[in-house]
Enquirer: 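Supplied in structure tokens, the structure appears directly below.
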Amino acid sequence: MSEEKKEKRKASSIDPCAVDLLRYAEECSIPTAFSRSDSLKPCPIGAEGACCKICAMGPCRLKSKDGEDALKGVCGASLATVTARNIARMVAGGTAAHSDHARDVANTLLAAAEEHTKDYQIKDVEKLLAVANNFGIDTSGRTKNEVAKEVAEFVLKDFGQQKGEVSFIRTATKKRQELWREHKLVPRGVDREVCELMHRTTMGVDTDPEDILDAALRTSLADGWSGSRIGTDFSDILFGTPKPIKSEDSLGAFQKKHINIVVHGHEPTLSEMIVVASEMPELIDYAKSKGAEGINLVGMCCTSNEILLRHGIKSAGGFLNQELGVLTGAVEAMVVDVQCIMPAIADVVKGFHTKLVTTSPKGRIPGAEHIEFDELHALEVAKKIVRLACDNFPNRKDTRIPDYGKTMVAGFSHEYIKYMQGGRFRGSFRPLNDAIIAGRIRGLAGIVGCNNPRVDQDSLHDYLVRELIANDVLVVQTGCGAHASAKSGLLRPETMELAGPGLREVCEAIGIPPVLHMGSCVDNSRILTVLTAVAQEGGLGDDISDIPVVGIAPEWMSEKALAIAFYAVASGLYVIFGVESPIAASPTVQKIMSEGWEKKVGGKLEFIPGKEEMLAATLAHIDKKREALKLRKYEKGKFGVEKVLMSMADRRKLEEAAHAHKGVGGV
Ligand code: BF8
């Protein structure tokens, strides 16, 4: 391979493990998403949202040098209609994905509550009671299973509900709820909104771009304030609410002498059981009987985030690492369920001993072995999969496990973020709000979403995280964005050395990194919960749209990312997306989604491909919001006076004293 080619491949990722394995792939002529994206150029008309293919009179390609109104589809549809319909359908797809994941978790909670399975139990009773409390469900004198059954049934109706409002809407700020009602944006039921949006955007129905985009906002709210929220809260109830935990994120997570099993996809129901199975003495003995030293379970994509946050299971990274994991030659089984799973893995495994195992009745891949998961026989299925991996160990040949590892701290649930600002008895968002008011923290940013081989892997995440923390912006992350920072070593307390002086002081006082890993993509709902709490705490306006905060998905690729963007905007956030714009063809649609939405819901979505421009737009928005709140002008290193933040050590001492005094158990 020429040096020039090596350099070209190196430029496809900033992750040294990925670079090593991509070089190996090139040497062996193994195609990957990286090489396919080099050779497969996107259709420029489709990429910009100008292609309509919802009927057989087309596809109608509406891109013209003569302006937006120069061409109409065969039916007369305008470019704005077509562009709005295209992005709306992507939002429907993303909402369906998150919400169907949530439906499975809700059904599992119900099965556990009704004791139809012994494999799952309620782990976090405190969270269960908090969720029950949101809905006014009586908890006194009842068993946890009785409460869980009522909570699960109460929330499960959100999916098929035809009229009314989905359940978690009532946890938004009052002002936001009123705004949604005023604009008819409150989702009635998850399935109804997805179905109606697909109907509305089929041939010959809704052709008003603003109306289509309003319906997409309503549908996305069924994701953010129902589907994803159910996914997060019910997973916490069943598997535990995350709190800070140490782990590693790297393609170097595989172990040479162990049986390596990768769990990849999204739903935590199966992966939780594989965690249990992989730690069972009988299966560890079985692994040893095959010549291995033990079982090494490793996560990938959002499944990884689920088991990382709750158990500290090591991660092999995000979306673009999935084929590369197989290339190490060290993976006995790659176990997948749903979402973000490249069918290409079935081709890559042909050259290796790795078994690709599909498990979801919704997601089969030709060439994979299918072992169907069902929550009533969860542990049995998990054990079968672990045994299959063990049986495959003797087939392993050469391995090439990269030798770069990065530690991290993950697990910042909104409950923990509140706890870390005052402890169990005094926890609140007051210290965070005060730090923003004083200018110690300039503002907040959520840097989330995918990797996309159209840009160098992790490069935009990395740039934005480093620049924003240097500018005193506290960063929270989920999904593959969190993997990017974990792999770069940015999720460690030592990262506070890269932070601006104000943010650094806050991080030192509380003992946290300036970049907080909040979980998987459904856990973007945690960010909404934090922002609602910040708004309700006082001093930063009375709604999310008042807070100096920006959401960014610099390397997005998935429909789910768009659903998240839409619900974040509808909740009042300014959202910036990188890569390409799927609405670039239509200035009308761009205007609706920026100026129009800012007036209507206080948030907006813009596609900005340049990293410097993304950074500038983020800081400008944060400063604009600070000015609107009449907060002191941000100046690096100059702060106002605020309450002294109590250190974690002092807080623990105070709590121990309070426990001793009250005679209650510890946290
Ligand atoms: O849900 S960030 S590539 S793995 S879509 Fe997929 Fe994007 Fe990663 Fe998780 Ni989210």
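Whatever order the structure lists them in is the order used to number ligands and atoms, beginning at 1. The analysis underlying the following values was restricted to heavy atoms, covering all of them including side chains, and did not include hydrogens, waters or symmetry mates. Throughout, numbering of the chain's residues begins at 1 and tracks the sequence. Remember, predicted model here, so these are calculated numbers, not experimental data.
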Enquirer: Could you check whether any side-chain N or O of E555 sits under 3.5 Å from a backbone N or O of L460, counting only pairs where one atom can act as donor and the other as acceptor?
Expert: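 Yes: the side chain of E555 pairs with the backbone of L460.
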Enquirer: Would you compute the distance between atom CD1 of I447 and atom OG of S485 and round it to the nearest 0.5 angstrom?
Expert: 7.0 Å
Enquirer: Taking 2.8 Å as the distance threshold, tell me the number of protein N/O/S atoms next to atom 7 (Fe) of ligand 1.
Expert: 1
Enquirer: What donor-acceptor contacts under 3.5 angstrom involve side-chain atoms of residues 520-528, with partners at least two apart or in another chain?
Expert:
| unit_1 | atom_1 | unit_2 | atom_2 | d |
| --- | --- | --- | --- | --- |
| S520 | OG | E306 | OE2 | 3.0 |
| S520 | OG | D523 | OD2 | 3.2 |
| D523 | OD1 | T232 | OG1 | 2.7 |
| D523 | OD2 | S520 | N | 3.0 |
| N524 | OD1 | T478 | OG1 | 2.8 |
| N524 | ND2 | C521 | O | 3.0 |
| S525 | OG | T232 | OG1 | 2.9 |
| S525 | OG | V522 | O | 3.1 |
| R526 | NE | M518 | O | 3.2 |
| R526 | NH1 | D236 | OD2 | 2.8 |
| R526 | NH2 | D236 | OD1 | 3.0 |

Enquirer: Below 4.0 angstrom, N of the basic side chain to O of the carboxylate: do E580 and R454 qualify?
Expert: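 No, no charged N to carboxylate O under 4.0 Å.
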Enquirer: Tell me which one of I576, L615, V448 satisfies side chain to side chain contact (heavy atoms under 4.5 Å, CB included) with I552.
Expert: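 Going through the options one by one, the only one that passes is I576.
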Enquirer: Does the distance from a Lys or Arg side-chain N to an Asp or Glu carboxylate O, for R103 and D158, drop under 4.0 Å?
Expert: no
Enquirer: For atom 1 (O) of ligand 1, state which one of E555, H98, H264, H266 supplies the nearest heavy atom.
Expert: H266
